[in-house]
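Notes for the one structure printed next.
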Amino acid sequence: MDTISRRKFLRLVGAGAAGVAATQLSFADIVLAGQTRPLPNGTPILVVVTLYGGNDGLNTVIPFANPLYKSSRPGIFVDDSHLIPLDAELALNGTMTGFKSLWDNQNLAIVRGVGYPYPDLSHFSSMAIWQSALPGSLANTGWIGRWLDTQKHDPMNAIGLGSVLPPLLAGAKSVGSVLPLGGLVVPDRATSYALHRLGLPDASDGPLQAAAAASITDFLNLGKNLTPILKRPAPVPDNLPTLAGGSFGSDSSLSQQLDVVAKLIAVNAPTKVWAVSLGGFDTHADEVKGQSTLLGTVSQSITRFIGQMHGANRQNDVVVLVYSEFGRRVKANGTQGTDHGTAGPVFVIGNGVDGGKFFGDEPSLSRLVDGNLAITTDFRDVYAAMVEDVLKVPAGQVIPGWKSKLPLMLQT
Amino acid sequence: MEIARLIHRFGLGPKPGEFSALVSGGLTKARALILTPPVVDLGANQVNDPLLTDLGPFPPPKSAADLVFESARTAQILALQLWWLDRMVASDHGLTERLTWFWHGHWATAIGKVEYALPMYIQNQLLRKNALANFKDQSRAMIVDSALLYWLDGNSNVAGSPNENLAREFMELFTLGVGAYSELDVQTIARALTGYNTVRSAGTVTFNPKKHDSSVLTFLGTAGIFDAPAVSDYITSLSTNQDHISRRIWFRFISSSTPYINETITQSFANRNIIQLLGAMATSGAMSNSLHSQSKSPVEWFVSVCRALNIRPSLLPHNSNVIHYLATMGQVPFDPPNVGGWPTDEAWLNISSMQARFAFSKYIIAQANLSAINAVPATDARIDYLADLFGVVGWTLRTKSVLRTVLNNPAALILICINAPEYVVNA
């Protein structure tokens, strides 16, 4: 196998197909756009949450009633006292109290046993497949990127938070934009003028140089237009259950990212897809404590975000999708952790979601494939529902030839 | 253009006067100079090694001992990071430090998990010692390196229930490339890597034969009893290893966007001699292909700016700011984001890295000695001087026109130069 081309798509971390990135990745005036062409109420907004490292699905949505669960992973199973049962067989990890309230409100659907055919246990290959949604091909576009290709070009259609562009936002014709976290340094007038000219294209620019020049222009626009918005307080969540300890303002980077997304949605930014992420799920050792903490962060920051969407009156528009590149091995390894595995759960959250339900079959703990869970649900059935029933584009335009989908969204 | 590419990619950018000297000597001579490290690097030797000690295990959280421990631990990490940046800047000859930096990204180990400076320093010295010589030696040493073992959970890997993390990444990323092995190979090699234990704070490794799986193992077309170095020796003897490392070097030094197809270059790596491979890359003609531009990563950008302006990173005011700025740009030495290392090229050319670069520029320029620039007449001569100082073949018409508007303002001139697209990207 050709390793470089196998990795080609991964090069897109922060990139976009080379030629495309070079075209203007311009952040025009997000805020002004929010005023002059605000996203109409009722327009669906998809927030994609990527959990990097391979989240252990079995310690997330836990088959606590199955004796094989505990016997397969001595020392690292989640104890009965740290479970939140959802029914007689499955429970959430005890740190996920926020997700339990979303489940009870029928705003959270859990898709079980999600994966793709012929699982690849490499982080990099598997994440490339999840982000491209084209397993078995050497794709260099992401699934949201191909949705972007169906839309009128607008750098604000899809925005990723953080310092590099996630590959899922790279299309063949359009790429999403990146929005940095943290404080902005705004140049003074004279410097702005000089930088403005430094950002102009030059006849001798190759693709990379052109991208460097464009980033200067984007930076100036961002500073001018976005700073006042980022300084504002985040929308207040209005429907959150009171959590013991009340530490809503958790300082995790996921909650920071979602805070910025909430602010921009609240000012009617014309953005339909947002991408955020959290890393640290590669729990080969000492898994229980680390993963529980991360899951608590995921649950709490997303629950808070959903509350903020109520405050911004976008509660009916927003759908949150949470996935990881693979689940982990059923059996514990010798270092109180788990090695790379296959199937895992996917979460879909929002008012429009047919929630409080499971979709897909729970993978069997006794009929394993090479020690791994069998895939019961193809991830493209989840994506197809997002593409067709949230973003309102025929799934085949984004995942060529794909025809089935899960009924995750309520029919309106 | 080739000389400019050579000095920025196989070095870390020119020191003042170095670029024009190389250019006047011609390409062949420049190439030889850049690819031949001196026996003694006086510049790098000026930088004192960081004072690192074995801090022992973590005390109980929030105890009195913990406060003292934590401040010592963070101080040692900062000292380590600044030491390496200083070394990269001070080195007379950038090649060794540049390759050590490449290998650090290749065997990407992060202090976020290792938590102690000492094991990272030991790994760094190991990479430096093996940066240019033989990849087999490098790999054999790295597979039992304390920081790497801890990072990939190889430190308490025991016979009977092995952990696959190190085995998988060793083949996928470090030696063979994804797809060059089966899942069964991963499981089998994980067994061969059992029995090693680290004392993390000291950066030492012990081998316990009782915890080692010494049964006969069959993988990748061989069978026998293996320990970790033997696994490394076998795997690095495979032709897939020759191909994988050649491609990785191509990807990071020549082009991340054009495919690697050069069999002659791969042949030069037949005996795993790294400097021979670099030489073959540099003379292959690929360096003069205009398609093969590459971005400077944040650390490469910062180090080359400091080399040109004669700034020692550790002497910058509130020197921990250097690390904070690099963090906002997305690249801190000893702290790669994951075992795959840092991204490349376009990843560093977005709005986020641009704003961080701008803020960082202002901090650096405030410390620069501008007298050398003031000594040059405020005409186009000053613009040409700056091109030579920063190792740029010639500014674009765009950048020239901007520089002309601030000819009398040296700080603004530098700000423009180091943010110019043709400096951020090695054209």
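Heavy atoms only: backbone and side chains are in, while hydrogens, waters and symmetry mates are out. Source: prediction; values computed, not measured. The chains referred to below are lettered A, B, ... by the order of the sequence lines, with proteins before strands, and numbering in each begins at 1.
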For B:Asp153 and A:His284, does a side-chain donor sit closer than 3.5 Å to a side-chain acceptor? no
Residue A:Asp282 versus chain B: region with a heavy atom under 4.5 Å: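 Contact with chain B is through the side chain of A:Asp282 alone.
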At a 4.5 Å cut-off on heavy atoms, which part of A:Thr338 comes close to chain B: side chain, backbone, both, or neither?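 For A:Thr338, there is no contact with chain B at all, as no heavy atom is under 4.5 Å.
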Quick check for you: to the nearest 0.5 Å, what is the distance between [X] atom [atom1] and [Y] atom [atom2]?
X	Y	atom1	atom2	answer
B:Trp395	A:Ser204	CH2	OG	12.5 Å
B:Asn426	A:Leu208	CG	CG	10.0 Å
A:His340	B:Asn165	NE2	CG	5.0 Å
B:Glu172	A:His123	CD	NE2	8.0 Å
B:Thr399	A:Gln209	OG1	CD	8.0 Å
A:Ile216	B:Ile416	CD1	CD1	8.0 Å

Part of [X] lying under 4.5 Å from any heavy atom of chain A:
X	result
B:Ser290	neither
B:Ala412	neither
B:Leu152	neither

Is there side-chain contact between [X] and [Y], with at least one heavy-atom pair below 4.5 Å?
X	Y	answer
A:Leu198	B:Pro421	yes
B:Phe358	A:Leu195	yes
B:Ser401	A:Arg197	yes

Test: B:Arg168 and A:Asp339 ion pair at under 4.0 Å: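 No, no charged N to carboxylate O under 4.0 Å.
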Minimum heavy-atom distance A:Leu121-B:Glu183, with the two atoms named: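 Minimum heavy-atom contact is CD2-OE1, 3.3 Å.
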Please give me the minimum heavy-atom distance between A:Ala194 and B:Val402, naming the atom from each residue.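 Answer, listing the atom of A:Ala194 first, then B:Val402: O-CG1, 3.6 Å.
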Is it true that a side-chain atom of A:Asn333 and a backbone atom of B:Pro162 form a donor plus acceptor pair closer than 3.5 Å?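 Not at all, since once roles are kept as given, no pair shorter than 3.5 Å links the two residues.
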Output the option from [options] having the highest count of non-hydrogen pairs under 4.5 Å with chain A.
options	answer
B:Val186, B:Leu291, B:Asn155, B:Thr396	B:Thr396
B:Leu397, B:Thr194, B:Val406	B:Leu397
B:Arg398, B:Met354, B:Glu422	B:Arg398

Any side chain to side chain donor-acceptor pair (under 3.5 Å) involving residues 405-419 of chain B? Give me the pairs, sequence neighbours left out, ordered by first then second residue.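 Listed by first then second residue: B:Ser361-B:Asn419.
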Neighbour count above 12 (heavy atom, 6.0 Å) for [X] [atom1]:
X	atom1	result
A:Tyr52	OH	yes
A:Asp370	CG	no
B:Lys211	NZ	no

Which residues share a side-chain contact (heavy atoms from CB on, under 4.5 Å) with B:Ser156, sequence neighbours left out: A:Thr335
